[in-house]
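Per chain, numbering begins at 1; letters A, B, ... match sequence-line order. Since the structure is predicted, the reported quantities are computational estimates derived from the model, not experimental observations.
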2 protein chains.
Amino acid sequence: MTATIAPGGDLDIAAAAGLFADPTRARVLMALSDGRALPASVLAAEAAVTPQAASTQLARLTGAGLLTVERSGRHRYYQLATGQVAVVLEALAQLAPMQPVRSLRHSTRATQLRSARTCYDHLAGRLGVQITQALIDAGALAAGDGITDTRRRPGDRLSSQLTEHPYTLGPHATQILVSLGVAADRLTDNDRSSQRPLLRFCLDWSEQQHHLAGRLGAHLLAAFIEAGWITRIQGQRAVRLTDTGRHGLHTRLGLDLLDT
Amino acid sequence: MTATIAPGGDLDIAAAAGLFADPTRARVLMALSDGRALPASVLAAEAAVTPQAASTQLARLTGAGLLTVERSGRHRYYQLATGQVAVVLEALAQLAPMQPVRSLRHSTRATQLRSARTCYDHLAGRLGVQITQALIDAGALAAGDGITDTRRRPGDRLSSQLTEHPYTLGPHATQILVSLGVAADRLTDNDRSSQRPLLRFCLDWSEQQHHLAGRLGAHLLAAFIEAGWITRIQGQRAVRLTDTGRHGLHTRLGLDLLDT
DNA sequence: GCGACACTTCCACGAACATGGAACCGATCG
DNA sequence: CGATCGGTTCCATGTTCGTGGAAGTGTCGC
């Protein structure tokens, strides 16, 4: 099917512009404008709308050919279909700033999500990734085969638990984890009451790095909440690190968190 | 008094896009996209709407700062406030879907537009693309680094295609461009009187290739018109290449243009 | 001054369309 | 298997917004 380039047609500029003319769609497109592929839930948070609203607009944008979708498990990752979309965004942005510009104060909800959130029953986001890395650095976890960081590896799927990973408990696991509030008897690899593995890892969508999951991840989050290091933000998946928590992570793990 | 401070930076993009998202406004802007100043009645005819409708939309566009008005007797001449508006139109045109032909007149006019038109202050359409290519072939422009396709590569920043391009002046730039009527002292890269870059390129919506824009693009169009090589088609954006122009382009650039 | 003209404003009708609640599908986890 | 979660679809609501008719303001020509 050769695209019959009808040489007399008119271009429907208005229809194309209309796709950018809604706040929700504009924010979604802006969030994608660097070329990343993001799941619908993240885009909903980024645009500060309900999942239904986001889904509706994503369907519209996809139908119009501005976005492409890729399914991965129960997630759907959206991405700009062509760089031309980003060109339009940039061109429009230069026309827009007649209003007070505040490019930094992004949707706070999205920022919070990126910063720290729960993933099922364990920590994710920048905080989750950094704690995981700190556990490795401190010897509570050990990565096999010369792997020293938590970066994404080929074949890892976003936002789903990795069935195979190179990590094991490290030489100082008991000492450190107990000091963080996890009961020592929870560190056995085979808990009789559950087949759930002690160590599991997810690939974090916002950081493109691994964060700790599995039974240990759950215990750790529970311990942090128990100790008041972390509090849930009302009605959301985002969590907040308290001052106590910041101090605790610093003394116990040598972890210095830059900001929020 | 307008200053309704919209609560969101990205909202401005939606608002800006909204100005292009109406058929009437889009047609009006397209009619003005070559930088001319046209009276309201002409724009109403161009958009095929009643005078009231045109007036309403013109007021909206003017209020938003996209257009400027100048009164002259009982007429009001509208004009694009800035070339950035034309940039947005060109960018949108590339992702705009084709629209079925409405009439023979429309069809012939659309064909003329594809053939040769002005884009604010420089040449576009097939003629603009071919001249740009001829300038490269003749060594007046040089394309660097061999990356000639516009396809996206993984990890590329999508948003920087307008401002960054691989072209520079070529070894025969001065000789050729002067022979085409551009003053030699206009070829310095940094004109003190203007921050506008000498070389800029647009992706042509009708040809899917680059055409020359920027200060040089403007000088070149001015020189062609001055020399009588190109004339504007009465009341439209389309331009016509005269026989003199065809001959000039052949002898100076070795450019053989097939047809109209 | 009178009429014609260019253009605008007021107003009310009508059509898109974005949104949220509820229900539904499929995948993952325990 | 049951629970939950990510995501979508359906539907009813409410709002925005473009438009045309009628009327108003200023300009030009006789």
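Between B:Leu66 and the options B:Val85, B:Val28, B:Val88, B:Leu32, a side-chain contact (heavy atoms from CB on, under 4.5 Å) holds for only B:Val85.
At whole-Å resolution of the value, CZ in A:Phe20 and P in C:dC17 are 16 Å apart. A:Gln57 places its CD atom 12 Å from the P atom of D:dT8, with the value rounded to the nearest Å. Regarding A:Glu70, its CD atom lies at a distance of 19 Å from the P atom of D:dG6, rounded to whole Å. Spacing between atom CZ of B:Arg60 and atom C1' of D:dT19 amounts to 13 Å, rounded to whole angstrom units. The distance from atom CZ of A:Phe201 to atom C1' of C:dC29 is 18 Å, rounded to the nearest whole Å. Regarding B:Asp22, its CG atom lies at a distance of 14 Å from the C1' atom of D:dG20, rounded to whole Å. In this structure, the CG atom of A:Leu19 is 17 Å from the P atom of C:dA16, given to the nearest Å.
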* Asked: What one-letter contact string describes nucleotides 2-9 of chain C from 5' to 3', where B marks a base within less than 4.0 Å of any protein heavy atom, S marks contact via sugar-phosphate atoms alone, and - marks no contact?
  -> --BBSSBB

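Considering only heavy atoms from C-beta on, A:Phe20 comes within 4.5 Å of A:Leu89 through its side chain.
In the model, B:Thr50 has a side-chain atom that pairs as donor or acceptor with a side-chain atom of B:Gln52 under 3.5 Å.
Although no hydrogens or angles enter the test, the distance criterion places a donor-acceptor pair under 3.5 Å between the side chain of B:Arg25 and the main chain of B:Leu19.
Heavy atoms of A:Arg25 sit under 4.0 angstrom from primed sugar atoms or phosphate atoms, though from no base atom.
Distances shown here put a side-chain N or O of A:Thr24 below 4.0 Å from the OP1 or OP2 atom of C:dT19.
Electrostatic pairing of A:Asp22 and A:Arg60 does not count as a salt bridge here, judged by no charged N lying under 4.0 Å from a carboxylate O.
Using a 30° and 60° split on the angle between ring planes, A:Trp229 and A:Phe224 fall in the parallel class, below 30°.
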